[in-house]
Amino acid sequence: MPKPDRQSYKKVGDNAESGSQPNPDMAAPPAIGFEGLQEDPPPKSEHIGLEAYGDGRSPKNGAAPENIELSESNKEDEPLKDDKPKKAEKKEGADLYFHDGIRRIDYILAYKKGDSEKDVRRAAKRHEFENNLREEGIELEVEDPEPSQDGSADGNTVFVKLHAPWEFLSRQAEVLKVKMPIKENDMEEPISILNCLKKIPSPFDLSEEFIKPEPKYFTAPFVREREDEFVMEDRESFFGMSQRNRMVHEILEKCRYDPDNKTKFGIDHMINNGSYVAAYPLHEGDYKSKHSMLTHGPQNDRHLLYEEWARPGRWYKYQPLDLISDYYGEKIGLYFAWLGFYTQMLTIAAIVGLVVFLYGCISLPFDPVVSELCEAKSWVNYTMCPQCNNRCTYWILESSCFYSQLTYLFDNGATVFFAAFMSLWATMFCEFWKRRQNELDYDWDLFGFEEQEENCRPEFEALAPDKRVNPITKLYEPYVKFYRRFPRFMASVLGIVFMIFLVLAAVVGVIVYRIAIKTAVAASGDAFISSQASIITSITASCISLVVIMVLQNLYDRIATWLTDLELHRTETEYEDSYTFKMYFFAFVNYYSSSFYVAFFKGSFPGNPSEYGKVFGLRQEECDPAGCLQELFVNLAIVMCGKQFFNNFIEIFLPLILNFWRSRTGRKEQKAGKGSYDQWEKDFDRSELGPRGLFKEYLEMAVQFGFVTIFVASFPLAPFFALINNLMEIRLDAYKFVTQLRRPYAARAQDIGAWYAILVSVGNFAVLSNACVIAFTSSFISREVYKYQFDKLEGYVDWTLSSFNTTFFEEGTGPDIDTYPDFADGGLNGTRVELCKYRGFVLGPNPPFDLKLDYWKVFAMRLVLVLVYEHVIFIVKFALEYMVPDMPDFVKNEIKRENYLAQQALEEITRKDMVAKRRSKMPDGEKGASASGYQ
């Protein structure tokens, strides 16, 4: 919600005197010509402030103070002697204003000079575009790259500076129904346990010395005629910088550049056709200061954001969400609010996951099943069948002791509880986020926010073959008929299907690799290496899966962009929705397919030694006697953590390298004393967020949310690793936004869009997924069935193993060495093995090898668990959704109070109009006597 500016440091445009009171009759300043402007002295009664001074000094009459020290970069060396003309040095902070030092730069347009025929046409478009901007009331000033002027470092880039005067801002605010403060919020904060806990100081709180709690205000849409009813100190600081650049951006989006074609409009079109190369609002000065913030305070909002939000040392602090929203806009503010809320909720899940893991560690020595397996050292009773054909030898069950111990850490009595807890946690996260989002929507005046009629995308306008009358604007616009769109849509569907099959082919390739490498390692002559065949296979296969996943994801990003372009969507919203569906659907299959294979397909159809299951003619992988859960854990840990590390590395280091390379010329000129490296040049050299800049951030977190919920029954530490990643992710994203990216225009959004529905869907799917992991992948059901039958767990290992007569091996699958090893006990060394055991409920040791009754008992109970678990969890989930209201009561009351005040103000205006009309109809002599009756 708009609030008066912070008083901890001087804001741009703050007047030192009370002389600049709102004046409805004030005329807009004259438009500035294409070649520059005449610098008229400002009124002597006004003291205009520059933003860059942290000590509170305020320059007068638009001139920067003479006693301002140079920045550290200008102190390093004396200017080098050079015969070339040198640019005039600027005072620190002056590059945020026009040359007169009064008018604040609200937006920058940049273009490259050229002499070709195409450049001439572009210049004509720019001339028409800029003339139309002047007609709208925006003032322009041009920085030409001539050596004699203070132009660009490369000598070829022209910067057009835009300033929005009061008349323009007030008119735009009224048109856009921008809500501004009318009265301080007088609602008392409700008394509750949570609010009381918030009052307790904690090390996570922000420093109130620099980020002071801001008063809340009731707001109403701005109306110029009621200007004196709004909370306004002065006109210059009434609208915040994010509001100013948003209003300018709205005009840039609608301004025409072709007088003969009404569909030729918008800055996006101008950038697309090369007339401009960039359009962006300026950052508010440098993010670092040569003075300590403790002694001099923050020099601007950007500096404050860096010190209190983006610095790595602030990793444990809450985020200054109001300041983020004020600086970057509500859309970006909502992303960081959601990410921070998600991270806070992960703290609870991480603690419970750690407790479950510690329970497994503590109870491991006392588990009878693990003890029984680790003590199975007798070759007489525990000779296991070979793990591969021909080259593999018989082995002892005791060699699986490590895998059984590792499995127990994640597959113990607390597994079912934690899976149920995480299913309910996902529901509570989504429900409480809705409440938090509604609070922010009210605080930031996002309720009732609706997108205006969107402009056509430049690509749609250029390629759409048909025309139609827009039902809203009643103007002819490009259009694509259904019979033309359908082939494009089908081509896109086929492209998606092809990529899905490509992912499945990659998974099959990894499966073949697993079979081959496990056979090779198991057949190794080294006994220790052979015993570690399963873990070696899991680690190497998971690493290969990670590489394949990252390659395919980057490849599909390009293909999805091409397919979405092919569909010719009219608006950016339609384009983003289609792109989001493609990318998340592919990411879901790409990231989770290998885990689904290990969880539900590996070892499910291994057959028996008389007839092994096969994949492409190769013997299918078998699970270790301890189960497949430890392999699922290894796969999840490597893919999830490896993806997070890679994405964080790319996000921070790639912009750093690119920005360093692009800014080298400007920095050299500044160091050589050839002039200043102005803020608009610094921002021009920075990377751009892009129209879908937040998409990859949301996608990364949505994929992580899937890892945390879908397979959490096999990886209780997933929330903990996600928490560690997100604590770094918040600060890395903050650092990237504050230091490495251009300042994006302050876009608005009422919610996180389609991502909320995706999160809810993933949470619901996770209920079924975890039920299946517990039932079919873990040993929970088989243990409980055995315990129910025999009232103990001793003997469980023997119960899960089947015996096989080695004379009935499938042809070509028996071991080359069919005798006991030399170190076998019981005098068996060197003798032929007649019986071996394998994991499964199969009759034996002689044919027929049919399934035991125990198999069907366990299978039936697995189905029962899935049905009961998912029904109970879904019932509890729906009950929680019903019990938790989407909007807090105090927010509802604040909305009612605000609406009441707005209604009272409207009635007051109506009453005054009636009085004025009645008085105007009365004779002059009766007005004074009669007016009192209406007061």
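Since this is a predicted model, take the numbers as computed values, not measurements.
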For atom [atom1] of [X], decide whether the heavy atoms of other residues, nucleotides or ligands shown that lie under 6.0 angstrom number more than 12.
X	atom1	value
Ile817	CD1	no
Lys852	NZ	yes
Phe874	CZ	yes
Phe720	CZ	no
Glu834	CD	no
Glu611	CD	no
Arg558	CZ	no

Do [X] and [Y] come within less than 4.5 Å of each other through their side chains, counting heavy atoms only?
X	Y	result
Glu784	Val416	no
Val634	Phe715	no
Leu373	Ser400	yes
Asn590	Phe586	yes
Ser545	Tyr597	no
Ile758	Phe705	no
Gln704	Glu729	no
Tyr786	Thr800	no

Is a side-chain donor or acceptor of [X] paired with a backbone partner of [Y] at a separation under 3.5 angstrom?
X	Y	answer
Lys837	Asn381	yes
Ser610	Phe808	no
Thr709	Ser423	no
Ser802	Gly840	yes
Thr564	Ser578	no
Asn805	Leu835	no
Glu881	Thr427	no
Tyr591	Val639	no
Tyr584	Val703	no
Asn389	Gly812	no

For this session: Please assess Ser363 against Tyr408 for the test side-chain hydrogen bond (donor to acceptor under 3.5 Å, both in side chains), listing each intermediate value before the final yes or no.
Result: CA-CA 9 Å; Ser363 61; Tyr408 183 80; 2.9 Å; yes
Problem set entry | ring-ring contact (aromatic ring centres under 6.0 Å, His included) partner of Tyr592, chosen from Phe707, Phe600, Phe765 | Phe707
Exercise. Looking at Trp799, Phe859, Phe849, which one forms a ring-ring contact (aromatic ring centres under 6.0 Å, His included) with Phe841?
Worked result: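 Between Phe841 and the candidates, ring-ring contact (aromatic ring centres under 6.0 Å, His included) is satisfied uniquely by Trp799.
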Distance from [X] atom [atom1] to [Y] atom [atom2], nearest 0.5 Å?
X	Y	atom1	atom2	result
Ile496	Phe501	CD1	CZ	13.0 Å
Tyr855	Leu843	OH	CG	13.0 Å
Phe357	Asn412	CZ	CG	10.0 Å
Ile781	Tyr788	CD1	OH	13.5 Å
Gln405	Cys361	CD	SG	11.0 Å
Phe804	Tyr838	CZ	OH	7.0 Å

For this session: Would you please classify the geometry between the Phe596 ring and the Phe711 ring as parallel, tilted or perpendicular, with 30° and 60° separating the classes?
Result: perpendicular
Identify the two heavy atoms, one from [X] and one from [Y], that lie closest to each other, and give their separation to 0.1 Å.
X	Y	answer
Ala771	Tyr869	CB-CD2, 3.4 Å
Lys643	Leu546	N-CD1, 3.8 Å
Trp395	Gln387	NE1-CG, 3.6 Å
Arg862	Ser778	NH2-O, 4.4 Å
Ile396	Ser378	CD1-O, 3.4 Å
Ala713	Ile774	CB-CG1, 4.0 Å

Exercise. Is it true that Arg783 and Asp367 make a salt bridge, defined as a side-chain N closer than 4.0 Å to a carboxylate O?
Worked result: yes
Exercise. Is there a side-chain contact (heavy atoms from CB on, under 4.5 Å) between Thr347 and Leu723 once you walk through the steps?
Worked result: CA-CA 7 Å; Thr347 305; Leu723 174 64; 3.7 Å; yes
Problem set entry | Tyr513 and Thr540 side chains, donor-acceptor separation under 3.5 Å | yes
For this session: Show your reasoning for whether side-chain contact (heavy atoms from CB on, under 4.5 Å) applies to Phe410 and Leu632.
Result: CA-CA 10 Å; Phe410 306 100; Leu632 179 59; over 6 Å; no
Exercise. Does the gap between the ring centers of Tyr820 and Tyr394 come in under 6.0 Å?
Worked result: no
Exercise. Taking the six-membered ring for Trp, are Trp755 and Phe695 ring centroids under 6.0 Å apart?
Worked result: yes
For this session: Any chance you could lay out the side-chain contact (heavy atoms from CB on, under 4.5 Å) test for Met728 and Gln644, step after step, and finish with the verdict?
Result: CA-CA 10 Å; Met728 295 188 297; Gln644 293 177 165; over 6 Å; no
Problem set entry | Trace of the side-chain contact (heavy atoms from CB on, under 4.5 Å) decision for Met701 with Asn725 | CA-CA 10 Å; Met701 290 297 104; Asn725 173 80; 3.9 Å; yes
